[in-house]
Novice: 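The structure's right below; bear with me while I get my questions together.
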Amino acid sequence: MQYKDVQLSLPEIAKALNADTIVEGSYLRQGNEIRITAQLLDARNDRHMWAQTYRESDTDLLAMQDQVTRDIARQVALALGSPFTAPKSQNVNEAARNAYLRGRYLWSERTPDGLNKSIQYYTDAIRADRNYAEAYAALSESYLALSSYGHQDPTDALWKAQFAAERALALDDNLSSAHTALAGVKIQRDWDWKGAEREYRRAIAIDPSDSTAHHWYGLHLVRLGRGAEGLAELQRALSVDPLSLIIATDVAEPYELERK
């Protein structure tokens, strides 16, 4: 999005993002019909690899979004010669999804006010859908961060984080963010280093693109004196989410500890 109105060539954008390929898309609504066009580009050589247009009714926007996203991901994987496993489809109502997404935006601010507001939105999402596992996992992550970001009673926040993580896992044991959150509880409250590492490894095995799992696992390893391993995990987190301010900030920690 930061390049939406910038007059730069594709190779220039790719160089700035350190990206080999780029997915580009457009969205157009006419009456009750929505048209989405997506294309995969070899960014280094400014070459088309794949393109597709989707025409759908706007009667179920969430279902359409999931369908188009899965198809784009599958086609991109095929074009790149990579394996692809479709994620489990979730039947989440629009109110719950919108509240969840607002919570994720505020969580990324990493301020006490933003975290408190994210908790409110996640709670709204859960009220709208009692079986929304991702919302419970996100709620747990916010309580974990809040326990370190000025919450008046960290112990209370950590108990709430544990409850939310365990509820998420009861709904979906293969949810990486829930295992990441449970690892955080094991570290911050229980001092269970081995148990935390098992949970982080499980999270990353389930979803190698979970930037928070790599981020928090990296910090954990650094603080255990395993600086090289920790830095590698933090760099993986940053490669997955290069625009995250909190990850970019925390990548500095192992360098600081080694006085670099």
Novice: Using 4.0 Å as the upper bound for N to carboxylate O, is an ion pair formed by Glu94 and Arg97?
Specialist: no
Novice: For residues Asp71 and Tyr54, is any side-chain donor paired with an opposing acceptor at under 3.5 Å?
Specialist: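 Note: Asp71 and Tyr54 side chains meet the donor-acceptor criterion.
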Novice: Would you say the side-chain atoms of Thr212 and Thr180 include a donor-acceptor pair closer than 3.5 Å?
Specialist: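 The answer is no; no qualifying pair exists.
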Novice: Can you establish whether the number of heavy atoms outside Arg44 located under 6.0 Å from its atom CZ is more than 12?
Specialist: yes
Novice: Between Arg110 and Asp250, is the closest basic N to carboxylate O distance under 4.0 Å?
Specialist: no
Novice: Starting at CD of Glu24, measure out to CD1 of Ile13 and round the result to the nearest 0.5 Å.
Specialist: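 These two atoms lie 8.0 Å from each other.
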Novice: Check the side chains of Ser209 and Asp207 for a donor-acceptor pair under 3.5 angstrom, ignoring hydrogens and angles.
Specialist: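 Side-chain D/A pair, Asp207 to Ser209: present.
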Novice: Given 3.5 Å as the limit, does a donor-acceptor pair link the side chain of Asp190 with the main chain of Asp192, or not?
Specialist: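 No, the answer is negative, given that no donor and acceptor are paired below the 3.5 Å cut-off.
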Novice: Is a side-chain donor-acceptor pair under 3.5 Å present for Glu197 with Tyr217?
Specialist: yes
Novice: Counting neighbours of CG on Leu78 that are heavy atoms of other residues, nucleotides or ligands and sit closer than 6.0 Å, is the number greater than 12?
Specialist: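 Atom CG in Leu78 is crowded, with more than 12 foreign heavy atoms closer than 6.0 Å.
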Novice: Give, for atom CG of Leu175 and atom CG of Leu169, the distance between the pair rounded to the nearest 0.5 Å.
Specialist: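 One gets 7.0 Å once the value is rounded to the nearest 0.5 Å.
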Novice: Is Glu12 reaching over with its side chain to a backbone N or O of Ser9, donor-acceptor style, under 3.5 angstrom?
Specialist: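 Judged by distance alone, yes, a pair lies under 3.5 Å.
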Novice: Do His214 side-chain atoms and Val240 backbone N/O form a donor-acceptor pair below 3.5 Å?
Specialist: no
Novice: Mind checking the CD1-CG spacing from Ile22 to Leu10? Nearest 0.5 Å is all I need.
Specialist: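 Rounded to the nearest 0.5 Å, the CD1-CG separation comes to 4.5 Å.
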Novice: Main chain of Ala96, side chain of Asp124: is a donor-acceptor contact present, judged purely on distance under 3.5 Å?
Specialist: no
Novice: Without hydrogens or angle criteria, can the side chains of Asn45 and Asp42 be said to hold a donor-acceptor pair below 3.5 Å?
Specialist: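 There is such a pair (donor and acceptor under 3.5 Å, judged by atom type) between the side chains of Asn45 and Asp42.
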Novice: Has the side chain of Ser108 got a donor or acceptor atom that lies under 3.5 Å from a matching backbone atom of Tyr105?
Specialist: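 Yes, because the side chain of Ser108 sits within donor-acceptor range (under 3.5 Å) of the backbone of Tyr105.
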Novice: Determine, using the 4.5 Å side-chain heavy-atom cutoff (strictly less than), whether Leu257 and Ile247 are members of one ILVMFWY cluster.
Specialist: yes
Novice: To the nearest 0.5 Å, tell me how far Asp156 CG sits from Ser147 OG.
Specialist: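 Between atom CG of Asp156 and atom OG of Ser147 there are 10.5 Å.
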Novice: Step through the shown structure and confirm whether more than 12 heavy atoms of other residues, nucleotides or ligands are within 6.0 Å of CH2 on Trp159.
Specialist: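 Not more than 12 within 6.0 Å, no.
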Novice: Are Tyr100 and Tyr132, when compared by the centres of their aromatic rings, separated by less than 6.0 Å?
Specialist: yes
Novice: Under a 4.0 Å N-O cut-off, is there an ion pair linking Lys117 with Glu109?
Specialist: no
Novice: Which pair of heavy atoms, one from Arg29 and one from Tyr27, lies closest together, and at what distance?
Specialist: NH2-OH, 3.6 Å
Novice: Kindly check if the number of other-residue, nucleotide or ligand heavy atoms within 6.0 Å of CZ (Arg189) is above 12?
Specialist: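 Check passes, neighbour count above 12.
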Novice: Do Tyr255 side-chain atoms and Leu231 backbone N/O form a donor-acceptor pair below 3.5 Å?
Specialist: no
Novice: Within a radius of less than 6.0 Å around OH of Tyr3, do more than 12 heavy atoms belonging to other residues, nucleotides or ligands occur?
Specialist: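 Check passes, neighbour count above 12.
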Novice: Is it true that a side-chain atom of Tyr122 and a backbone atom of Arg104 form a donor plus acceptor pair closer than 3.5 Å?
Specialist: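 The answer is yes, because a donor-acceptor pair under 3.5 Å joins these two groups.
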